[in-house]
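To start, the structure itself, in structure tokens.
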Protein chains: 4
Amino acid sequence: MFEQSSHPRSLKAKDSVLCATQELLADGGLPAATVDAISAQSGVSKATIYKHWPSRTAIAAEAFGKQMAAAIPLPDTGSARGDLTEQVRRVSAFYAGSNGKVFAQLLAASVTDPAAAPYFREYFLDARRAAIAELWQRALNRGEVRPSVSAGTATDILFGPLIFRLMTGHAPLTAEEADAISSAALDGLLQDHSRA
Amino acid sequence: MFEQSSHPRSLKAKDSVLCATQELLADGGLPAATVDAISAQSGVSKATIYKHWPSRTAIAAEAFGKQMAAAIPLPDTGSARGDLTEQVRRVSAFYAGSNGKVFAQLLAASVTDPAAAPYFREYFLDARRAAIAELWQRALNRGEVRPSVSAGTATDILFGPLIFRLMTGHAPLTAEEADAISSAALDGLLQDHSRA
Amino acid sequence: MFEQSSHPRSLKAKDSVLCATQELLADGGLPAATVDAISAQSGVSKATIYKHWPSRTAIAAEAFGKQMAAAIPLPDTGSARGDLTEQVRRVSAFYAGSNGKVFAQLLAASVTDPAAAPYFREYFLDARRAAIAELWQRALNRGEVRPSVSAGTATDILFGPLIFRLMTGHAPLTAEEADAISSAALDGLLQDHSRA
Amino acid sequence: MFEQSSHPRSLKAKDSVLCATQELLADGGLPAATVDAISAQSGVSKATIYKHWPSRTAIAAEAFGKQMAAAIPLPDTGSARGDLTEQVRRVSAFYAGSNGKVFAQLLAASVTDPAAAPYFREYFLDARRAAIAELWQRALNRGEVRPSVSAGTATDILFGPLIFRLMTGHAPLTAEEADAISSAALDGLLQDHSRA
DNA sequence: GAGTAACCGAGACGGTACGTCCTGTCTTGGA
DNA sequence: TCCAAGACAGGACGTACCGTCTCGGTTACTC
């Protein structure tokens, strides 16, 4: 029930590190969040940092993920189409902003650094995908979406294009583009009678 | 008529570099393709290498892109649905293999290294997207696909999910999954009368 | 009658530490006798260790000194020349062995770590020098040695060369070399007619 | 004849390093001469430093050795006794000063760091011992010293005691003590009638 | 053909970050 | 009251790679 660690200072150190990392990420993106810089800014020694995280990418993922957890609240418009359209728009806007840059750097770093991948997934993907899955299940119960399509597949189709554009920059992430994507994708995901 | 470059050695040097890089990529992925290693393996000095490319990622993009150019020939099944379904399957299979790993590393590196992004786009995205766009246009002419959806949007919806999975590894890239994606996506992209 | 110390654990802790340190020294020399390693091996916490010794070198000096106290018993051949020659030979042999290595490391560490120097002196030098001094005094009483030379100076002249060789390794520490040193030192370096 | 290195910058870098190290040694002794500090002070990167020397002790040995090469010129009083007595006095005075501290640290470090030992020997021992050997040979030719004693043994007997005292600090390094040592060593320790 | 550029290999170099190691202090909770 | 257990800051270590630079030899055009 309670934090029973015999050494509660761990918590203070972790907090300091995450807080310092957030500042560094905000200032200079992932490249600025070197372990040395985090150590200097947080007052936590490198050795301690490496006791808590396997790599700097993992730290950054946790720091940025926690900070961004509530940045994109799930919409509730009453309809699956409305919810999903809005959510695609929100995620697109998030990716388009300065946070999107950091997110992309983080995702990129997770590819290179296998130790960080689980952190990235935990702090960015899992919760969000679960929320979308719940939303999808509700819509399914209401008969709004095609039962043949799984929540995971739907999520990938709706948000994969945004990731694609974020990573390669081959197309903009404007609200119009977001709507174009969600509109085209939803026509295949929703039941016919739910289509616009 | 003849090669009239005043310094044809450039060409040999470029070739050597690209060839060496391909080998290094095949052996140890992008991390193995350090500039020092490329220089050593190719016999081309670092100075010369930096005369031809802005960064190691650019070299790797060009080397890997050229090698993979013909790895995924566009299908021609006679129908838009058939072509696109098959293409999604092929790309998915490519991503799932060992080359997909390198591709992911390359895409990740392009995020970090702005100088390499154009190379990545030229050698991986542009030609392929153009080909899909052409395929899309043909389908459009035949009335198989919805005119409201642009080729770019369609491409992103079909292949973005694969990129998403490749980068995060949150879901497998099997043929079944590829079909699930293309099937669900195409229902929104194709004209009603073309749907399965 | 019984162990009546108010904190008998101290004694046990000291013993454990010294014993553990001896093992570590035997296995890997001074570099292996890390405070963490000593703590782990002895089951005595670092805090407790630092209550008893000022530094790890001090621990090692005490541990190794106690162990080696009786390793080189003073000879008693009946004559000053015989005793001193034999003693130089014994010390040389000791230095030449694997224990000599540890001894050298300890002496070296004492230079760097001022807190350990008294420990080193207590456990290695004082008793031995006192013994030699006693031997010297006996010889003096018997008229065997020059009264103009103090016991300390004689000790330095006889054993300084061994230390010199041990530390720099510029010459071997064989029995022959030991004899050459003691012989020359005991006789003097100059020709008789050149002496003051 | 001339320095024909294809990369003369090596020399500048080496010089900078040695010069910076000398300053650091003068200011804070060997502990101050960390590789990081040397790098910072000299403007030479750590990687380059490690290309030229195997360890910081080696750098310090070379830097300090070169600086001190001429610090103790060999005396020439006309007699072996005079020369050797004076030389022992000079070396003792050198050891007693602040440079002696650094010398002791260097010798101590050479024990711990095998890679540095050759540097120490080259820059401190070899030349000096060779000079003494020459002096010894001259004295031998003049019949001043015993032919049964080698130059090396004589050197060890005369200077070993100084090293011994320098390292352990068990006795002072005053001029009087130096004279006591050289006098006793040159004459021998035993009474004439006790000698073999 | 000899002269003269541009070009190239080789690799040293400064810089930056890495991840590891050990020390000596300090804290906590249990015996 | 004392201790084991071990977290922690601090700081040096030696390594890796980057991208720049300099050197001296070679090549291939020019005259």
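Nothing here was measured: the structure is a model prediction, and the numbers come from that model. A, B, ... follow the sequence lines: proteins, then strands. Residue 1 opens every chain.
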Rounded distance (nearest 0.5 Å) linking atom CD of A/Q105 with atom OG1 of B/T112: 6.5 Å
Protein-nucleotide distance (B/Q41, atom CD; E/dG9, atom P), rounded to Å: 15 Å
Residue whose nearest DNA chain E nucleotide is more 5′ - B/V44 or A/T34: B/V44
Sugar-phosphate only, base, or nothing, as touched by A/A37 at under 4.0 Å among non-hydrogen atoms: nothing
Whole-Å distance separating the NZ atom of A/K46 from the P atom of E/dT23: 19 Å
Among E/dA12, F/dC3, F/dC13, the nucleotide that comes nearest once only the side chain of C/K51 is considered: F/dC3
Interatomic distance where CD1 belongs to C/I38 and C1' belongs to E/dC22 [whole Å]: 12 Å
Pair A/F120 + A/F103: ring centers closer than 6.0 Å: yes
Residue whose nearest DNA chain F nucleotide is more 5′ - C/D36 or C/I49: C/I49
Any side-chain donor near an acceptor of the partner, C/Y123 and C/E62, under 3.5 Å: yes
Length of the line joining A/L30:CG and E/dA17:C1', which is rounded to integer Å: 13 Å
Between E/dC26 (P) and A/K12 (NZ): distance, integer Å: 14 Å
Atom-to-atom span, CZ of D/R56 to C1' of F/dA12 - whole angstrom: 8 Å
5' precedence on DNA chain E between D/A47 and A/S55 (nearest-nucleotide basis): D/A47
Whole angstrom value for the distance that separates P of F/dC3 from CG of C/D15: 14 Å
Distance in angstrom units between C/D113 CG and E/dG24 C1', rounded: 12 Å
Result of checking B/I49, B/D113, B/L30 against B/R56 for side chain to side chain contact (heavy atoms under 4.5 Å, CB included): B/L30
Which atom of B/V111 lies closest to which atom of A/A108, heavy atoms considered: CB-CB, 4.0 Å
C/T48 vs A/H52, nearer the 5' end of DNA chain F by closest nucleotide: C/T48
